[in-house]
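Here the structure comes first, spelled out in structure tokens, and everything after it is commentary.
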Amino acid sequence: MENQEIIDKKIEKLRELKAKAKIGGGQKRIEDQHSKNKLTARERIDLLLDRDSFRELDMLAHHHSSDFGLDKNVFLGDGVVTGYGYMNGQKVFVFSQDFTVLGGSLAAEHGRKICKIMDMALKNGCPVIGLNDSGGARVQEGVISLGAYADIFLRNTLCSGVIPQISLIMGPCAGGAVYSPAITDFIIMVKKTSYMFVTGPKVVKTVTHEDLTSDQLGGAEVHASKSGVAHFTAENDLEAIEITRKLMSFLPPNNLDEVPLIKTDDPSDRLCDKLTYLIPANPNLPYDMKDIITELADGGDFLEVHKDYAQNIIVGFIRLGGRSIGVVANQPAVLAGVLDIDSSKKAGRFVRFCDAFNIPLLVLEDVPGFMPGAHQEWGGIITNGAKLLYAFCEATVPKITVITRKAYGGAYDVMNSKHIRGDLNYAWPTAELAVMGSKGAVEIIFKKEIENSNEPEKREAELINEFNEKFANPYIAASYGYIDDVIEPKSTRKILIEAFNLLENKVDTNPKRKHGNIPL
Ligand code: HXC
């Protein structure tokens, strides 16, 4: 045989093997996948990454098991597509489970492939994006599958706070398998086609007698609104991928790199006239804090995280002068913006993410205090509220607060006050920094005087007026330097951009220790 012919045959064999790997579980199963309104593992990667940038690794890996007929079911790639590529021009590592191969189930090789790219991502300071679509531990490979999951959990934990980790849930995700996404930074679930639970509806029915569908028990909407497990929901695979690309555009590749700076046409000295009359004169009336966020942001662009969960606090990403900024804002339009268990957990986790990845924080504050009541106390508002306090206290990224209206009670301290290392704290003229609202305050300190008055209601109203005049303003706090400046609402964007520029090389540290003990 001619040399050329020998080499051609070898190349032909390679091409055949790769073509076989690419077809996964076969055409019929690909059609089944499409019929469920799901894309295949490879189609998802193609849409996720910049055009033609994906480089696959371990395409020819396969399991070496023969138990329960597995020797007749060998698939190249072993049910997961792994590799690296570029997203918005930034290097990322990706794994995408292939449901067409043994239901995307995870066992030794499948797990080893995921661990390989995680190890490479950690060494090279690149994010990991996981596209999950799997029946869970491959039953035929038994405890080896469980071990493979644990290998991934360990890496998720070691990568935490070093490289961003994003999980897209695009199919089943059950049993202990849910804990890998849970350790990652953000979870994006696809409505109707994905679910996450520790035990499925059948076990739930046996144990608790609750009769629920998979969607009711652990669908995207449930996890986005009730449990807070999901940070984003998407109508379909494509939308989940678009959310991921947008989210990633705000993030640095690792904890040592700078946040991305994206050129913007939005002038940094743009005045926000819309903000001047946004706060209602009556402090009991709500307004939508999102109007302020979008007015301040470059191009009005705000990527809200956890949109449907604990809506009394808002968290998400904007850019100011091109720089990524994490926003934490009380929402007076929901429960008057009160801090409760869920909102404290939501915001605390977000603050810690931003701090881990050098993303400066902007706090927009209008908070009447912590939510009272037995439900909150028994649920641990003390421990959970402390999470947010702890998160702000330990954060060393640039931290700026703007108090738009109420900053009452302990919540004043918690929401990035100067005392816990807020770098620059501003207040609008409508701000009220006090131990509590004027009505409550007057009822406590003038109780006797009101009771003894001939016209108690009139006297109470007078005292409330007096109290408001004296205390419901930002000027006492300003006189102590507890806020750095009282600013006009329309100048807020300009002032914030200047302030974040000022703080861009900020250095602050915490004492050396193994790790702190956040009240979990
Ligand atoms: C091996 C599996 C599998 C698994 C699915 N398949 N899950 N093979 N191990 N875990 C196979 C099926 O046998 C089937 O193969 C093919 O994948 C497609 O599955 P279908 O059942 O036909 O698909 P569908 O009707 O869409 O149902 C999907 C499913 C169901 C809901 C995921 O397959 C299912 O309930 N699977 C078992 C889920 C499970 O209990 N996993 C273990 C969870 S505990 P054929 O060849 O017949 O088409 C766990 C622990 C993790 O994961 C612990 C970590 C610490």
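Counting starts at 1 for both ligands and their atoms, following the listed order. Since this is a predicted model, take the numbers as computed values, not measurements.
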Exercise. Looking only at non-hydrogen atoms, find the nearest pair between Leu364 and Met289 and report the distance.
Key: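 Answer, listing the atom of Leu364 first, then Met289: O-CE, 3.8 Å.
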Quiz item: What are the two closest heavy atoms between Thr244 and Met87, and how far apart are they?
Solution: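 Distance-wise, the nearest heavy atoms are O-SD, 4.3 Å.
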How far is [atom] from the closest protein heavy atom, and which atom is that?
{"atom": "atom 41 (N) of ligand 1", "answer": "Gly135 O, 2.7 Å"}
{"atom": "atom 19 (O) of ligand 1", "answer": "Phe99 CZ, 4.1 Å"}
{"atom": "atom 31 (C) of ligand 1", "answer": "Tyr195 OH, 3.3 Å"}
{"atom": "atom 9 (N) of ligand 1", "answer": "Val139 N, 3.1 Å"}
{"atom": "atom 1 (C) of ligand 1", "answer": "Gln140 OE1, 3.2 Å"}
{"atom": "atom 45 (P) of ligand 1", "answer": "Arg29 NH2, 3.7 Å"}
{"atom": "atom 10 (N) of ligand 1", "answer": "Ala137 O, 2.9 Å"}
{"atom": "atom 44 (S) of ligand 1", "answer": "Gly175 CA, 4.1 Å"}

Practice problem: May I ask which of Leu70, Leu102, Thr199, Val198 has a heavy atom nearer to atom 8 (N) of ligand 1 than the others do? | Solution: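 Of the listed residues, Leu102 has the closest heavy atom.
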Flag: protein heavy atom within less than 4.0 Å of [atom]:
{"atom": "atom 4 (C) of ligand 1", "value": "yes"}
{"atom": "atom 39 (C) of ligand 1", "value": "yes"}
{"atom": "atom 34 (C) of ligand 1", "value": "no"}
{"atom": "atom 23 (O) of ligand 1", "value": "yes"}
{"atom": "atom 47 (O) of ligand 1", "value": "no"}
{"atom": "atom 14 (C) of ligand 1", "value": "no"}

Quiz item: Just wondering, do Glu109 and Arg112 contact through their side chains at under 4.5 Å, heavy atoms?
Solution: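 When only atoms from C-beta onward are counted, Glu109 and Arg112 do touch, with a gap below 4.5 Å.
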Practice problem: Cation-pi check, Lys38 to Phe99: give yes when NZ or CZ is under 6.0 Å from the six-membered ring centre and within 45° of the ring axis, no otherwise. | Solution: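 Satisfied, under 6.0 Å and within 45°.
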Short list, please: which atoms of ligand 1 are under 4.0 Å from a heavy atom of [X]?
{"X": "Ala174", "answer": "52 (O)"}
{"X": "Ala177", "answer": "51 (C), 54 (C)"}
{"X": "Arg138", "answer": "1 (C), 9 (N)"}

Practice problem: Please answer whether the main-chain N or O of Val334 pairs with a side-chain N or O of Asn312 as donor and acceptor at a distance below 3.5 Å. | Solution: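 Here the side-chain-to-backbone pair does not exist.
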Practice problem: Look only at interatomic distance and state if Gly103 has a nitrogen or oxygen under 3.5 Å from any nitrogen or oxygen of ligand 1. | Solution: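 Looking only at distances, the answer is yes, because the N/O contact criterion of under 3.5 Å is met.
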Quiz prompt | Nitrogen or oxygen of Lys36 less than 3.5 angstrom from that of ligand 1 | solution =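 Such a contact does occur with ligand 1.
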Self-check item: Point-to-point distance, once rounded to the nearest 0.5 Å, from OG of Ser225 to NZ of Lys307
Solution: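 With rounding to 0.5 Å, OG (Ser225) is 11.0 Å from NZ (Lys307).
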Quiz item: Hey, what do you get for CG (Asn132) to CE (Met189), rounding to the nearest 0.5 Å?
Solution: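 The CG atom of Asn132 sits 10.0 Å away from the CE atom of Met189.
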Exercise. Examine the side chains of Gln140 and Asn73 and answer whether a donor and an acceptor come within less than 3.5 Å of each other.
Key: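 No donor-acceptor contact under 3.5 Å links the two side chains.
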Quiz item: Judged by modelled atom types alone, do Ser180 and Asn156 share a side-chain donor-acceptor pair under 3.5 Å?
Solution: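 Side-chain D/A pair, Ser180 to Asn156: present.
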Quiz item: Is a salt bridge present between Asp78 and Lys113, judged by a nitrogen-to-oxygen distance below 4.0 Å?
Solution: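 No, this pair does not count.
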Practice problem: Inspect the contact between Asp46 and Arg42 and indicate whether a charged nitrogen and a carboxylate oxygen are less than 4.0 angstrom apart. | Solution: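 Answer for the salt bridge query: no.
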Quiz prompt | Part of Leu146 with heavy atoms under 4.0 Å of ligand 1, whether side chain, backbone, both or neither | solution =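 For Leu146, only side-chain atoms sit under 4.0 Å from ligand 1.
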Exercise. Assess the pair Tyr179 and Tyr149: is the distance between their ring centroids shorter than 6.0 Å?
Key: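 Distance test on ring centres: not under 6.0 Å, no.
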Quiz item: Heavy atom of Tyr179 under 4.0 Å from ligand 1?
Solution: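 The answer is no: ligand 1 sits nowhere under 4.0 Å from a heavy atom of Tyr179.
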Quiz prompt | Given His62, His63, Gln97, the one that forms side chain to side chain donor-acceptor pair (under 3.5 Å) with His110 | solution =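 Only one of His62, His63, Gln97 forms a side chain to side chain donor-acceptor pair (under 3.5 Å) with His110, namely Gln97.
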